[in-house]
Amino acid sequence: MAPSGPGSIRRRCRRVLYWIPVVFISLLLGWSYYAYAVQLCIVSMENIGEQVVCLMAYHLLFAMFVWSYWKTIFTLPMNPSKEFHLSYAEKDLLEREPRGEAHQEVLRRAAKDLPIYTRTMSGAIRYCDRCQLIKPDRCHHCSVCDKCILKMDHHCPWVNNCVGFSNYKFFLLFLAYSLLYCLFIAATDLQYFIKFWTNGLPDTQAKFHIMFLFFAAAMFSVSLSSLFGYHCWLVSKNKSTLEAFRSPVFRHGTDKNGFSLGFSKNMRQVFGDEKKYWLLPIFSSLGDGCSFPTCLVNQDPEQPSTPAGLNSTAKNPENHQFPAKPLRESQSHLLTDSQSWTESSTNPGKGKAGKDTHK
């Protein structure tokens, strides 16, 4: 076994430090359980019916909160599949070519059969030198995880994990249930909090738990509501946090709404087709994370076109405004199950793709 050097020790120390926010949240959650279930419900509440109702509702929210938080933390982020990695011959050729047009020509040849449509700000193929792969659309390299993450949203220190394609639904549910958890505690604790200030509670340790419990729940409710509202807006627009700050660049130029398919389809892309799974932290998102349907009218000229002699646009006007690259079946059906695309094809000037954002 090779001796561990200073660099290895530093990495291990960083890994330990990264868990501090998770430990803090876990301890806070454990204390809130004791303060609410024991000190408030069992010790302070005198009405048995109120105790039963509060404890049942509380434990339901507590269970969903913990379940979604657990899934967000321990669901591994998905990385690009093997088809996006360069072959040994391509890597060798890339190393021998200087940076510039020749370098890009190697990447263009490697990417010609891949379902990618986004580019760098300069119009080049998105390539990760660190992972030595061509980045799929919406994929970014995380400096903390040191990996390329599919549909990366952000790296969250509170879950010590990257939030991306594999766990974004879990992260949303974690925000939703933590917000409901805090709002429920604040609402049911309010009358006892008022009694604390009017000297209506007996002078026991329960009164201090009740006071701090209300303050903590109210404070977290404010911050969580703004964060949850922001991510709901992102889902409705089919954007990630990174894409909200820097719009994706396509062959024709920057398009902040390039991946938006409309509110309903944007929701289904994250939560799936089966509504019975929407409120459960069970993976149900559509697609494989490597390819995404777009609302673009102008096809990328570098992508393969339909075979000569076949006019697929005339036969099926619903498909003409989408890139010709193959999508997984669970993603492809998002493009063909609405009349809106047909209407866009007959009136291209009215669609979003006809706006000034397409350059």
Side-chain angles (χ1 to χ4, degrees), residues 13 15-75 155-161 163 167 169-232 278-282:
C13 290
R15 288 191 193 125
V16 173
L17 291 175
Y18 289 154
W19 283 102
I20 290 178
V22 177
V23 172
F24 171 75
I25 293 293
S26 301
L27 291 174
L28 188 63
L29 190 60
W31 167 78
S32 70
Y33 182 90
Y34 170 76
Y36 188 89
V38 177
Q39 295 295 335
L40 178 60
C41 292
I42 296 176
V43 175
S44 301
M45 288 184 182
E46 298 178 352
N47 187 297
I48 300 298
E50 183 184 10
Q51 282 183 339
V52 172
V53 171
C54 286
L55 283 173
M56 288 180 63
Y58 173 80
H59 279 92
L60 176 62
L61 290 174
F62 180 83
M64 296 306 294
F65 179 10
V66 172
W67 186 10
S68 57
Y69 188 46
W70 177 275
K71 292 285 285 186
T72 307
I73 295 172
F74 294 106
T75 299
H155 186 94
C156 181
W158 297 106
V159 300
N160 189 29
N161 199 2
V163 177
N167 63 350
K169 177 191 172 184
F170 306 149
F171 177 74
L172 282 173
L173 292 178
F174 157 61
L175 292 180
Y177 287 122
S178 59
L179 176 59
L180 289 174
Y181 180 80
C182 291
L183 289 174
F184 176 79
I185 288 178
T188 53
D189 187 28
L190 178 59
Q191 60 174 310
Y192 298 94
F193 177 76
I194 295 173
K195 287 181 180 180
F196 171 84
W197 294 105
T198 57
N199 296 319
L201 289 178
D203 193 15
T204 63
Q205 65 171 348
K207 63 187 300 184
F208 296 103
H209 285 288
I210 290 170
M211 180 184 70
F212 289 116
L213 186 64
F214 180 83
F215 275 128
M219 179 183 65
F220 278 104
S221 294
V222 173
S223 58
L224 285 169
S225 60
S226 59
L227 186 59
F228 179 63
Y230 175 67
H231 278 277
C232 287
W278 281 16
L279 299 181
L280 298 176
I282 298 172

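For clarity, every value in this text was computed on a predicted model and none was experimentally measured. FYI, side chains are in, hydrogens and waters are out, and symmetry mates aren't considered; it's all heavy atoms of this structure.
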Any side-chain heavy-atom pair from [X] and [Y] closer than 4.5 angstrom?
X: L40; Y: I210; answer: yes
X: P281; Y: M64; answer: yes
X: L27; Y: F24; answer: no
X: F208; Y: Q39; answer: no

Between Y36 and T188, does any side-chain donor sit less than 3.5 Å from a side-chain acceptor? yes
With rounding to the nearest 0.5 angstrom, report the [atom1] to [atom2] distance, [X] to [Y].
X: S44; Y: E50; atom1: OG; atom2: CD; value: 10.5 Å
X: K71; Y: I282; atom1: NZ; atom2: CD1; value: 7.5 Å
X: T72; Y: N167; atom1: OG1; atom2: CG; value: 6.0 Å
X: L227; Y: H231; atom1: CG; atom2: NE2; value: 4.5 Å
X: N161; Y: Y18; atom1: CG; atom2: OH; value: 13.0 Å
X: F62; Y: W67; atom1: CZ; atom2: CH2; value: 15.0 Å

Evaluate V22 against Y69 for side chain to side chain contact (heavy atoms under 4.5 Å, CB included), listing each step before the verdict. CA-CA 10 Å; V22 177; Y69 188 46; 3.8 Å; yes
Backbone N or O of Y192 within a donor-acceptor pair of the K207 side chain at under 3.5 Å? no
Side chain to side chain contact (heavy atoms under 4.5 Å, CB included) partners for L190, two or more places apart: I194, F214
What are the two closest non-hydrogen atoms of [X] and [Y], and how far apart are they?
X: A37; Y: I42; result: O-CG1, 3.1 Å
X: C156; Y: V163; result: CB-CG2, 4.0 Å
X: L17; Y: P21; result: O-CD, 3.8 Å

Does atom [atom1] of [X] have more than 12 heavy-atom neighbours from other groups under 6.0 Å away?
X: E46; atom1: CD; result: no
X: F74; atom1: CZ; result: yes
X: W70; atom1: CH2; result: no
X: F212; atom1: CZ; result: no

Side-chain donor-acceptor distances from residues 170-184 under 3.5 Å, at least two apart:
unit_1	atom_1	unit_2	atom_2	d
Y177	OH	L279	O	2.6
S178	OG	F174	O	2.7
S178	OG	L175	O	2.9
Y181	OH	S32	OG	2.7
Y181	OH	Y58	OH	2.6

